[in-house]
Amino acid sequence: MKYITTPIYYVNDKPHIGHAYTSIAADVIARFYRIFERTENVMFLTGTDEHGQKVQKSAEKLNINTQDFCNEISSQFRNLKDTLNLSYNYFIRTTDENHKQTVLKMWQLLEEKGYIYKSFYKGWYSQKDEAFIPDNEVNDGKDQNGNSLEFLKEESYFFKLSAFQDKLLNFYKSHPDFIKPSSYMKEVVSFVKSGLKDLSISRTSFTWGIPVTKDPKHVIYVWLDALCNYISAINYLGSDPSKIEYSEHAKEYWDESIHLLGKDILKFHAVYWPAFLIAADINPPKRLFVHGWWTVDGQKMSKSLGNTVDPIQIVNKYGCDEFRYFLFKESNFGYDCNFSENGFVDKINYDLCNDYGNLVHRVLTLANKVAINGIFKLSRSFDLSKNIDSEISSKTIKLKETLKKYINDGLLTEYLKAVFDIISIANKYVNTTEPWKLIKTDLQKFNDVISELIKVIIDISIFLYPFIPESAKKALSFVGISEINENVLNTIYEGLPLEKPTPIFNKIDNKKVNNG
RNA sequence: GGUCCUGUAGUUCAGUGGUUAGAACACUCCGCUCAUAACGGAGGUGUCGUAGGUUCAAGUCCUGCCAGGACCA
């Protein structure tokens, strides 16, 4: 069982490259696991976060019904499935009825265990910013810009987060791989060590949220609401709204859960979420894969600079697989990275067209020359395990275990490097064996070389499939393979029906970059 | 103000104490011609931000500083 999630995206913002990055990363991991696991054993979840004051205000501003507003933006995120070729199994919305039930059950659990109490949220409130201003920025009832503030005392429910400092620290210590890359773990530990305050988990200042059952003028804090999506999507607390019943099936998924998230929401996932779960006697998720942010041409992406990268536009202009590949080949997954359109075009042209695409094309063109009735009969040397003295065979054989390790550790960039290392060796192998000469001088040797290369191409295409699904399928279709699973790696092929290859990727003219 | 990250070849980045610091792209030359003028080989460039310190040994650890960035209050 594997359970991969993206954060649920807040409907107050439209899809941008950050959303695309997280979603595609999750998709890559899900697709990889599906090669080796039964499809139904891999659950990939995404969705939208729809409650909160900002959403309510945005809808009011546009003078439309709040739910209608959510439906509209939520569908934009749902449509990313087609644009980015995402393979999620379930799209959750926090306005879904079964999600609301789960959140209320969670509240009930936290309350029963004695971790919720009612008190007052006090502080200086700025009407202008619609937010509480921290005490150290307040002077004589005015903020740093001299705007007058109002001292508010709002009734609120609190979660006893302060009781979880040691429990969290113990958890981190006993689960050193909880957060990847590990540098983010240091950040979290030092945050928790610095002390935790109880957390306000209800609001009375607006209504767009899930009302507390016994005290409906309070709506539940958006983050408590939102984080619960990870367990409501698998019905961890049961589907019957009237009672809590733990599902064994859900637990199997939960024990293998991987949350993907950007570094901006690390605290919520690494501190609050485990605290809520521990409080409710539920295990924290297995892994958090944290990633960095994209800059554009060295500058921070922002609406005011007008340099935001619209993933939909890029995909339409250059293609989906091209975009998916670039995101992980260019970045060092986990850390900040820079987007430049020129860099993008270079990666597509050099890696995808020249190295991988051309390898497939040149080898299959050669194979076609000797195919009889469209069938290429493989010689014994297609079985890579029998060619361990050959560099390319021995490395390809080892690749599977290496890649599994990389995926388990969230090393997506390393993964691509390892595969392209094989591609480079394969191209070298073609050059040194010179099959275009062998075809005239030594047909047996020619068949051996091409057979080995075809097998390598099949394997690396399977391994590239999670990143570039449509292109990998196209490459495999040239040799009559339409299934994507582990069997393809293990099957001993006698002969393969060949199609005349066509280019998998089209080279991008550099001029296109500036001319739109 | 606190915490954290980054600063390495012209560019984008690897390199989490140990031989002459690496890759890709760009550049030059050579080979090959099966392939989308694609592929392969050879060539060299770095005050590893800066100033100290620890060590037999530091890009790698520690401290100060400079520059850029993120999160939080």
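A note on names: the letters A, B, ... follow the listed sequences, proteins ahead of strands, and every chain is numbered from 1. We use all heavy atoms of the structure for the numbers below, so side chains are in, but hydrogens, waters and symmetry mates are not. Computed from a predicted structure; not experimentally measured.
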Would you indicate, yes or no, if B:C39 has its OP1 or OP2 atom less than 4.0 angstrom from a side-chain nitrogen or oxygen of A:Asn354?
-> yes
d(CG, A:Asp336; P, B:U12) in whole Å = 14 Å
Taking the six-membered ring for Trp, are A:Tyr325 and A:Phe420 parallel (under 30°), tilted (30 to 60°) or perpendicular (over 60°)?
-> tilted
Do nucleotides 29-35 of chain B as a string where each nucleotide becomes B, S or -: B if the base has a protein heavy atom under 4.0 Å, S if just the sugar-phosphate does, - if no protein is that close.
-> --BSSBB
Tell me, do A:Lys404 and A:Phe32 make a side-chain contact under 4.5 Å, heavy atoms counted?
-> yes
Of A:Asp355 and A:Asp351, whose closest RNA chain B nucleotide lies nearer the 5' terminus?
-> A:Asp351
Which nucleotide in the set B:C39, B:A73, B:G40 lies at the smallest distance from any side-chain heavy atom of A:Lys267?
-> B:A73
Using the six-membered ring wherever Trp is involved, compare the ring planes of A:Phe323 and A:Phe344 and label them parallel, tilted or perpendicular (cut-offs 30° and 60°).
-> tilted
Any-strand Watson-Crick or G-U partner of B:A23, both distances under 3.5 Å = B:U12
State, with a plain yes or no, whether a side-chain heavy atom of A:Leu416 is found less than 4.5 Å away from one of A:Leu412.
-> no
Using whole Å, report how far NZ of A:Lys428 lies from P of B:A23.
-> 11 Å
Answer for the Watson-Crick or wobble partner of B:U3, both distances under 3.5 Å, is B:A70
Of the listed nucleotides B:U3, B:C25, B:A70, the one nearest the side chain of A:Asp346 = B:C25
For atom NZ of A:Lys417 and atom C1' of B:U12, their distance in whole Å | 11 Å
Ring centroid separation A:Tyr184 to A:His269 under 6.0 Å | no
Using whole Å, report how far CG of A:Leu266 lies from P of B:U3.
-> 17 Å
Take the protein atom CZ of A:Phe339 and the nucleotide atom P of B:C13, then report the distance between them rounded to whole Å.
-> 13 Å
Pairing nucleotide - B:G64, Watson-Crick or G-U, each distance under 3.5 Å | B:U50
Could you check A:Ser190 against A:Cys353 and say which one's nearest nucleotide on RNA chain B is further toward the 5' end?
-> A:Ser190
When you check the phosphate oxygens OP1 and OP2 of B:C5, does a side-chain N or O of A:Lys186 lie under 4.0 Å from one of them?
-> yes
Is A:Asn506 touching bases, backbone alone, or none of the nucleic acid, heavy atoms closer than 4.0 Å?
-> nothing
Round to the nearest Å and state the distance from A:Tyr356 atom OH to B:C39 atom C1'.
-> 17 Å
Hey, can you tell me if A:Phe77 and A:His19 have their rings parallel, tilted or perpendicular (30° and 60° cut-offs)?
-> perpendicular
What is the distance, rounded to the nearest whole Å, between atom OH of A:Tyr184 and atom C1' of B:C71?
-> 11 Å
So does A:Tyr350 get a side-chain nitrogen or oxygen closer than 4.0 Å to the phosphate oxygens (OP1/OP2) of B:A26?
-> yes
Just the table, please: protein N/O against nucleotides 7-10 of chain B N/O, every pair under 3.5 Å.
none

Do A:Pro274 and A:Leu168 come within less than 4.5 Å of each other through their side chains, counting heavy atoms only?
-> yes
Ring geometry between A:Phe276 and A:Tyr272 (parallel below 30°, tilted from 30 to 60°, perpendicular above 60°) = tilted
Is there side-chain contact between A:Asp27 and A:Asn85, with heavy atoms separated by less than 4.5 Å?
-> no
Can a side chain N or O of A:Lys347 be found less than 4.0 Å away from OP1 or OP2 on B:A24?
-> no
Side-chain contact test, heavy atoms from C-beta onward, threshold under 4.5 Å: evaluate it for A:Lys180 versus A:Asp177 and give yes or no.
-> yes
Give one of base, sugar-phosphate or nothing for A:Tyr335, where a contact means two heavy atoms less than 4.0 Å apart.
-> nothing
How close or far is atom P of B:A70 from atom CZ of A:Phe268, stated in whole angstroms?
-> 17 Å
